Number of protein chains: 2
Amino acid sequence: MSLPDKDANRPLYAQVRERLIDRIRSGEWKPGQLIANEFDIAAEFGVSQGTARKAISDLASEGLVVRRQGRGTFVVEHTPAHVLFRFFNLFDAEGAAVIPDSRDCKASLAAASSEERSTLGLERYAKVIRIARTRTRNGRPLMRETIALPEALFPGLAERQEIPNTLYDLFQKSYGVLVTRTDDRLCAVAADAQTAATLGVAPGTPLLKIDRIAFGLDDRPLEWRVSHCYLGDAHYLARTR
Amino acid sequence: MSLPDKDANRPLYAQVRERLIDRIRSGEWKPGQLIANEFDIAAEFGVSQGTARKAISDLASEGLVVRRQGRGTFVVEHTPAHVLFRFFNLFDAEGAAVIPDSRDCKASLAAASSEERSTLGLERYAKVIRIARTRTRNGRPLMRETIALPEALFPGLAERQEIPNTLYDLFQKSYGVLVTRTDDRLCAVAADAQTAATLGVAPGTPLLKIDRIAFGLDDRPLEWRVSHCYLGDAHYLARTR
DNA sequence: CAGTGGTCTAGACCACGTG
DNA sequence: ACGTGGTCTAGACCACTGC
């Protein structure tokens, strides 16, 4: 196999990179799996090992694969621990990660609202799966979360008996959907009556609202998640660079 | 000139990279300045152009230099616009950057509190410059900000008549200090009486508190900044790649 | 036009993990 | 011992910029 001539003006390493992404997206290379080595990829596409190396290195810096010297290159896997490390940004006063549990999790299927359609980039009449849950820390309510997912991407998810704590792990293992990046919009809001009751605080208590959109391999929205958090001594950490 | 033999076991490109950082830190290469090209750097350190290239590319991906094809490689410059783009994370409902002004800016010199010492990594009896200011958007108060800076890094700053709006620009232009990354800790708090009065809101109004530590080239803290924001329809955007 | 960074090659050897 | 990724070299040509 070799590269098509059509993209002749684009760098070879970029073309190789996209072909490798296709393999991950199609499931030919599954999460956690060892992929072909640099020399085999180079030979297959008819480029030098250095060019194949750059393609793979770019994927590694994008977080799609993990390179391990002496062992090989592996498709990134969303183990619960990995998700927590990568996309979970809550830490306590000592700087330790806050790891929440889930409670009272409910899922349902519904026609997407106009807001859901525009946020998730859906067509009219598209359906969404809505999940609402309370997340706890040491048994105390930490946040109230509502999640909207395109039904087309996650068929049958609403009917599952058990919704796991680490959703991104489920997305990948059961639906082959990889979360590659997230945009979190943060602001402070006053707790409304219902949220206050759920979290066990007085109405009007300041809460951190996290409005997240998660994106997949093709950079299209996969999930819209709104969390209202009563953090106590914890905080959300945003690192720039 | 060539590399010392002592670091013989560390990669050449890493050694070259650090020597280049030294030049930026020492002021030999100033912000905005064109640095030597790949071939000259390679010749100077006795490595191949590819190795010099990797050292420079690493600096570029760290954001310390900017490469411009056909022109050369330049040390990053903290123009007001650049700082706003890079370290300012507030956006309005339409996704446009919120650009605040400063008002009622006051600076003073004081002995560092124990909290300031531990946050900024200072010795006992070290002095800090404290800055307090109100930041506005379209003439309305947006946030109240208090800033602590090690006096050793910014001598005489407290005595300046004018404190500019974009501090990181001043740090670099007047003190040769480059901010390379920031850690923001975010939480929601209720406005106390004084902050509420300053921001023109009712006491108890939920505010977004941003507790930031800014780091320099050597990864040591340069600034501790705490902002209390009444954002209105705006939000803080945190992107996770 | 000359000079820069960007891409690409075809080799070489090293460091690491596993059998 | 073997295969992997990691480093390094010495060349080549292309694309862009400014004079």
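Note that this is a predicted model, so its numbers are computed, not measured. Side-chain atoms are counted along with the backbone in the values below, which use heavy atoms only and exclude waters and symmetry mates. The sequence lines fix the lettering, A, B, ..., with proteins before strands; numbering per chain opens at 1.
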Engineer: Go through the structure and list residues passing side-chain contact (heavy atoms from CB on, under 4.5 Å) with A:D218, not counting sequence neighbours.
Structural biologist: A:R25, A:R220
Engineer: Could you pull out all residues at least two apart from A:E28 that satisfy side-chain contact (heavy atoms from CB on, under 4.5 Å)?
Structural biologist: A:R23, A:S26
Engineer: Please name the pair of heavy atoms, one in A:I129 and one in A:E151, separated by the smallest distance, quoted to 0.1 Å.
Structural biologist: CD1-CA, 4.0 Å
Engineer: Does B:E18 have any side-chain contact (heavy atoms from CB on, under 4.5 Å) partners at least two apart in sequence or in another chain, and if so, which?
Structural biologist: B:R10
Engineer: Could you list all the salt bridge (Lys or Arg N to Asp or Glu O under 4.0 Å) pairs where at least one residue sits in residues 48-71 of chain A, not counting sequence neighbours?
Structural biologist: A:R17-A:E62, A:E38-A:R53, A:E38-A:R67, A:K54-A:D58
Engineer: Using the salt bridge (charged side-chain N to carboxylate O under 4.0 Å, His left out) criterion, which residues pair with A:R181? Sequence neighbours excluded.
Structural biologist: A:D183, A:D219
Engineer: Quick one, B:V65 and B:V76 - any side-chain contact, counting heavy atoms below 4.5 Å?
Structural biologist: no
Engineer: Return whichever of A:G50 or B:L34 has its heavy-atom-nearest nucleotide of DNA chain C closer to the 5' end.
Structural biologist: B:L34
Engineer: Hey, could you give me each pair passing side-chain hydrogen bond (donor to acceptor under 3.5 Å, both in side chains) that has a residue in residues 74-93 of chain B? Not counting sequence neighbours.
Structural biologist: B:N89-B:Y236
Engineer: Any ion pair linking B:R137 and B:D233 (charged N to carboxylate O, less than 4.0 Å)?
Structural biologist: yes
Engineer: Given axes from five pairs at either end, by how many degrees does the helix from C:dC1-D:dG18 to C:dT18-D:dA1 bend, rounded to 10°?
Structural biologist: 10°
Engineer: In residues 153-161 of chain A, what donor-acceptor pairs under 3.5 Å come from side-chain atoms, sequence neighbours left out?
Structural biologist:
none

Engineer: Reading DNA chain C from 5' to 3', where do the contacts with chain A start and stop? Cut-off is 4.0 Å to heavy atoms.
Structural biologist: C:dT7 to C:dT18
Engineer: Tell me the side-chain hydrogen bond (donor to acceptor under 3.5 Å, both in side chains) pairs involving residues 162-171 of chain A, sequence neighbours left out?
Structural biologist: A:S102-A:N165, A:R135-A:N165, A:Y168-A:R212, A:Y168-A:E223, A:D169-A:K173
Engineer: Tabulate atom names and distances for all N/O pairs under 3.5 angstrom spanning the protein and nucleotides 17-19 of chain D.
Structural biologist:
{"from": "D:dG18", "atom 1": "OP1", "to": "B:R71", "atom 2": "NE", "distance (Å)": "3.4"}

Engineer: Heavy atom of residues 55-68 of chain A under 4.0 Å from DNA chain C: which residues?
Structural biologist: none
